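Keep in mind it's a predicted model, so treat the numbers as computed, not measured.
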Amino acid sequence: MWFANFFIAGSITMVLPFISLYIETLGNFSDSYVQKWSGWTFGITFVAAFIFSPIWGRIGDKYGRKPILVISALGLGLSVFLMGFVTSVWQLFLLRLFMGVFTGFISMSQALISTQTPKHIAGRVLGTLQTGSITGSLMGPLIGGAMADALGYATTFKSISFALLLSALLVLFGIKEQSISSKETKTNYSSKEVLLHIGKHPLLLNVMLISMFVQIAHFSIQPILSLYVGELHGPVNLAFFSGIAFSAAGLGNLLMARNWGKIGDKVGYLKILVLLLFMAGIVYFPGAFVTNIWQLVILRFFLGVAIGGIIPVRIAYIRQEAPLSMQGEVLGYNTSIRFFGNMIGPAMGGMLSGYFGFSSVFFVTSGLLILSGVILLGSLYKHPGLLRHHSHSVGR
């Protein structure tokens, strides 16, 4: 599963540094037009993902997650392959929408591993799994940027689709999904019961909603990052240097994801989550004032250090608070909420940069992350009994 996540994340992130540059080749457009459509084209993938994530999660709870992972990888491969043939922004836009139906591979793999891992080491195991997708995300933009500079954008899309096919084959022939025996008396929940369970657990609901704000913040800069790099560095090897800027966050993420998971296992996931939200917000802010590419790269690295712990810690907490038989659907709703943030973030970033300049994106993003930390901290003080119970469960 580690290698499958590596290939999926690597393939998807290979195209990120040059989506906006690819759009520029599809017509004679103004800078403002390219920035806005970069945001919409990047974000539209997550509209379909938002709708389909809970559906895939529910199907996975009933019939197993391995078949869903194979379908997801094949769907991603087909959509990326076809992107190599587009002749207009609208065609790229629609293919990115189609891609969103199958975008839940990594979150579904997290659900599979999460449900087959003892609760007390969930943070460490999920952190280790995440290093697969992070390593792919780290190498993807660099390889994609270099390929785009050498082969052109269209050929790069076609080539990337074969790595996605390889992920499908790895899952099909290399993964055995074990049936898990559970002490729970109830083994089947309706969607209404799942939603009621989430609603009755205020900290769980807050963590899921904060997932959305984190994704808005993290993805607001993604579609216009290569344009910002171009402003700082100039046009020489732009796709490659954009890849370095993307990958810097992945490197910080890779170094710390497993460690944050282990710390969360020991001291409590919610406490670490609050710390990471404040750290990410503080690191994002200076990005508005950088004057060269390497300052941006250093800040992106420290952002990755902070963001790296948020995903495994958040999923480990949800794993702890949801009964086994509904975890796929609960994680599906969490993924859906995250994808809603992924939808809003790029569109917001594209519009902010188009109207107010690149700096505004960093200011707003920093504020969102710090606000998320404040909201979660307030929830912890409002429900101290729940926090004590949670810490005791982690200790066990």
Side-chain angles (χ1 to χ4, degrees), residues 1-27 37-38 41-42 44-45 49 69-106 109 132-174 222-223 225-226 229-230 235-251 254:
M1 189 58 74
W2 189 97
F3 282 103
N5 274 4
F6 169 79
F7 285 119
I8 289 284
S11 302
I12 297 300
T13 55
M14 275 184 193
V15 306
L16 296 185
F18 60 82
I19 279 185
S20 56
L21 307 176
Y22 192 35
I23 288 172
E24 286 181 326
T25 68
L26 299 175
W37 273 100
S38 295
T41 304
F42 188 90
I44 194 62
T45 301
L69 289 168
V70 174
I71 292 167
S72 175
L74 292 174
L76 288 171
L78 176 62
S79 56
V80 171
F81 181 74
L82 293 174
M83 285 177 202
F85 296 93
V86 301
T87 55
S88 72
V89 177
W90 272 106
Q91 290 172 355
L92 183 63
F93 181 84
L94 290 172
L95 280 171
R96 291 277 300 172
L97 176 62
F98 174 72
M99 183 182 181
V101 175
F102 305 99
T103 297
F105 183 97
I106 289 172
S109 73
S133 57
I134 296 165
T135 307
S137 301
L138 176 65
M139 297 177 67
L142 285 171
I143 297 169
M147 284 176 68
D149 283 334
L151 305 174
Y153 303 127
T155 305
T156 302
F157 276 108
K158 295 168 194 171
S159 304
I160 288 167
S161 64
F162 291 102
L164 292 162
L165 175 62
L166 181 59
S167 297
L169 295 174
L170 276 173
V171 173
L172 187 61
F173 297 109
Q222 303 281 54
L225 185 61
S226 56
V229 169
V236 180
N237 293 326
L238 180 54
F240 177 70
F241 279 98
S242 297
I244 291 176
F246 272 91
S247 295
L251 179 60
L254 175 65

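Within the 4.5 Å cutoff, the side chain of Leu165 has no heavy atoms near those of the Phe81 side chain. In this structure, the side chains of Ile160 and Thr156 come closer than 4.5 Å at one or more pairs of heavy atoms.
Atom OG of residue Ser167 and atom CG of residue Leu74 lie 10.0 Å apart, to the nearest 0.5 angstrom. Atom-to-atom distance recorded for Leu94:CG and Ser79:OG is 12.5 Å, nearest 0.5 angstrom.
In terms of heavy-atom proximity, Gly84 sits nearest to Lys158 at O-CE, 3.4 Å. Smallest separation of non-hydrogen atoms from Phe102 and Ile71: CD2-O, 3.8 Å. Here the closest non-hydrogen pair linking Leu95 and Val86 is CD1-CG1, 3.6 Å. Closest approach of Ala4 and Val171 over heavy atoms only: CB-CG2, 4.0 Å. Between Phe7 and Ala163, the shortest heavy-atom distance links the atoms CB-O, 3.8 Å.
Phe93 meets the side chain to side chain contact (heavy atoms under 4.5 Å, CB included) test with Trp37, Trp40, Thr41, Ile44, Trp90; sequence neighbours excluded.
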Checking side chain to side chain contact (heavy atoms under 4.5 Å, CB included) for the pair Leu26/Thr87: CA distance, chi angles, key distance, verdict?
CA-CA 6 Å; Leu26 299 175; Thr87 55; 5.7 Å; no

Carefully, step by step, assess Tyr153 and Met83 under the rule side chain to side chain contact (heavy atoms under 4.5 Å, CB included).
CA-CA 10 Å; Tyr153 303 127; Met83 285 177 202; over 6 Å; no

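Environment of CZ in Phe162: sparse, with no more than 12 heavy atoms of neighbouring residues, nucleotides or ligands closer than 6.0 Å.
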